[in-house]
Each structure stands twice: as structure tokens, then as C-alpha cells.
Amino acid sequence: MGKLSDHAQDVSMTCTKRPSRQFFRRDPVTLGRALLGQKLVRVIRGRRLAGTIVETEAYLGAIDKAAHTYGDRRTDRNKSMWADGGTAYVYFTYGMHHCINVVAKRVEDPEAVLIRALEPLEGLAIMRRNRRAAKQDTDLCSGPGKLCQALAINHQFDGSDLINGQQLFIELFRRRAYPARQIAVSPRIGIAYAGRWAHKPLRFFLTQNPHVSKGS
DNA sequence: CCCGTGATTTAT
DNA sequence: TAAATCACGGGG
């Protein structure tokens, strides 16, 4: 009998169901907390690559200076942010990295949650092959660009549905959200340009989880 | 600390 | 059309 996962002290707490649309149609702060402990799953040639979400950030739409949707700027890159809750917004940045967001709220409400880190659970051998630079398993998915490289997530998934997707989707792994006392909160990473928005407590992560990014 | 790398955005 | 920027990661 192996050691029990940090995310599931008890198997009766776990499940493998697709979330409902309503799960995603919440504000990005609530969704950012609710996504912690849930699974992001990528299927490649019948093999599952998956990890539990351990770090997220909320982006608050047109008013949020750190968001790509600040000032309601709607462009070809960010248009999936206006889709329904549960849609993926995948973008390419710094000439080499992809990042994935989970759209929150409803159609025409451009709010989202950035997935910043996973604890790898399934398909680690393939993740290690996808992430040659990783020296240890805590380097596989401990950052938004790293996890997209590990799971081979790219622009083809921009605008895709994370509820009914076949190659990329979210599975409810925890039946209940983590209690607030197990979630640490901090300012978001990499948005120093955003004035007062740079200081807001919109980053959420599992306390003491070694797979969280080293950003802070 | 610095730099790669290229799409996107902003300035001229 | 040109320049600057970037929700990052890797290597000193």
C-alpha cells in the first residue's frame, strides 16, 4: 500500500467525473480556488498525461490591468476569453511558451483562471521526454509554460471545450474544494507593470506543495 | 544576472 | 513600417 496523495487523504474524497458547465460559470476567484486539486488531463495516442492543479491565478476581465482583456481589447489572440465558462484560452508568448487559462463566467464575460502548476500524476515518463530540461519531477509542471510543454498543450486547443474535450479536459478529482486554510494567497507573478493590480491577492496555491512554481 | 524567440501590440 | 513588449524558462 503506497503513500496516500496530498490531494486525497481518503479515496472516498476522489472521483473522475467531468465537471458541469455551472462549475466554470463562477467568478475567477472562486473558480481559481475550486480548480485546486482537480485534474487536467491530456490524451495523446490513447495515453493519459495528467496532474492535479496546485497553483492558479485569477484574471478579472476589462478592469484588470494585468489581464489580456484589459480595456475590453478584443483581438484575434484573446477572442476565446469571451467564450462560455469551461473554454480554454491558450496563448503563445516570449517566442517559445504556451500558457493555458480556463475561461470563467459566461459568454461575453472575459474572465479567466491561469493554470500555473500541476502535480504530475499520470504519464510521467512521457512528460519527462517532453521536458528534457527538467532535472527532477518537481520541474515537470511547476510553471505555466512548463506544464504546457509537459502535456503538449499548444494553440490547437485555444477555444476548445474543457468539459467535453477528448484530448484535453478537466476531471473532478476532489469532491469538495480545498478549505481556505489549505490555500495560500499571494500577488500574481510576472505582472509588475500592472500598477495597483500587481499587488492584488489573486494567486492561489496549495500550501507546502513542492510542485508550485518558484515564481514567488 | 542575462538572454532566446516570435507573435502581438504600440509608436512613429 | 519600425520598435517595444511579453501572465516564461534556462543557464550563469
Gap in Å between the two C1' atoms, one belonging to B/dT9 and one to C/dG9, rounded
23 Å
Can you name the nearest heavy-atom pair linking A/Thr69 to A/Trp82, along with the distance?
CG2-CH2, 3.7 Å
Does anything in residues 137-154 of chain A reach DNA chain C, meaning a heavy atom under 4.0 Å, and if so which residues?
A/Gly143, A/Pro144, A/Gly145, A/Lys146
With rounding to whole Å, what would you report as the distance between C/dT5 and B/dC2 at their P atoms?
16 Å
Base, sugar-phosphate, or nothing: which does A/Asp76 touch, judged by heavy atoms less than 4.0 Å apart?
nothing
Report the secondary structure of DNA chain B in dot-bracket form, marking unpaired bases with a dot and bases paired to a different strand with |, and treating Watson-Crick or G-U pairs with both distances under 3.5 Å as paired.
||||.||||||.
Between C/dG10 atom P and A/Gln136 atom CD, what is the distance in whole Å?
12 Å
Nearest to the A/Met96 side chain among C/dA7, B/dA7, B/dG4, which nucleotide is it?
B/dG4
Over how many whole Å does the gap from A/Arg74 atom CZ to B/dT9 atom P extend?
14 Å
If you compare every side-chain N and O of A/Thr93 against the phosphate oxygens of B/dG6 (OP1, OP2), does one of them come in below 4.0 Å?
no
If you check every side-chain atom of A/Ala133, which of B/dT9, C/dC8, C/dG10 has the closest atom?
C/dG10
Can A/Glu57 and A/Arg188 be counted as an ion pair, charged N to O under 4.0 angstrom?
no
Atom CZ of A/Phe92 and atom C1' of C/dG9: how far apart are they, to the nearest Å?
13 Å
Could you measure between the two C1' atoms, the one in B/dG6 and the one in C/dG12, and give it in whole Å?
24 Å
Any side-chain N or O of A/Arg131 below 4.0 angstrom from OP1/OP2 of C/dG10?
yes
Ring stacking, A/Tyr59 with base of C/dA7, under 5.5 Å and under 30°?
yes
Report the nucleotide, chosen from C/dC8, C/dA7, C/dG11, that has the shortest atom-to-atom distance to any side-chain atom of A/His97.
C/dC8
Here the distance between atom C1' of C/dC6 and atom OH of A/Tyr94, to the nearest Å, is 4 Å
State whether A/Arg73 places a side-chain N or O below 4.0 Å from either non-bridging phosphate oxygen (OP1 or OP2) of B/dT8.
no
Can you say whether the rings of A/Tyr89 and A/His68 are parallel (under 30°), tilted (30 to 60°) or perpendicular (over 60°)?
perpendicular
Starting from P on B/dG6, measure out to NE2 on A/His155 and report it in whole angstrom.
14 Å
Should A/Val103 and A/Asp109 be marked as a side chain to side chain contact (heavy atoms under 4.5 Å, CB included) after you check the CA-CA gap, both sets of side-chain angles, and the distance that decides it?
CA-CA 9 Å; A/Val103 175; A/Asp109 201 339; over 6 Å; no
DNA chain C: 5'-proximal contact among A/Val113 and A/Ala134 (nearest heavy atom):
A/Val113
Distance-minimising heavy-atom pair for A/Asn209 and A/Glu119:
ND2-OE1, 2.9 Å
Under the rule for side chain to side chain donor-acceptor pair (under 3.5 Å), what residues qualify as partners of A/Glu108, not counting sequence neighbours?
A/Arg74
Taking the six-membered ring of A/Phe169 as reference, does the NZ or CZ atom of A/Arg18 fall below 6.0 Å from its centre and within a 45° cone about the axis?
yes
Distance test, side-chain N/O of A/Tyr193 to OP1/OP2 of C/dA7, below 4.0 Å:
yes
Using a 4.0 Å heavy-atom cut-off, does A/Ile191 contact any base of the nucleic acid, only the sugar-phosphate backbone, or nothing at all?
sugar-phosphate
Six-ring centre of A/Phe24, A/Arg21 cation under 6.0 angstrom, axis tolerance 45°
no
Rounded to whole angstroms, how far apart are NE2 on A/His68 and P on B/dT8?
12 Å
Got a salt bridge between A/Arg25 and A/Asp84, using NZ or NE/NH1/NH2 to carboxylate O under 4.0 Å?
yes
Identify whether any heavy atom of A/Ala66 sits under 4.0 Å from a base atom; if not, whether one sits that close to sugar-phosphate; answer base, sugar-phosphate or nothing.
base
Identify whether the distance between the nearest side-chain nitrogen and carboxylate oxygen of A/Arg128 and A/Asp137 falls below 4.0 Å.
yes
Roughly how far apart, to the nearest Å, are B/dC1 and C/dA7 at atom C1'?
22 Å
Find the distance A/Arg188:CZ to C/dC8:C1' and express it as a whole number of Å.
16 Å
Atom NZ of A/Lys214 and atom P of C/dA7: how far apart are they, to the nearest Å?
21 Å
Salt-bridge criterion met for A/Arg33 and A/Asp27 (N-O under 4.0 Å):
no
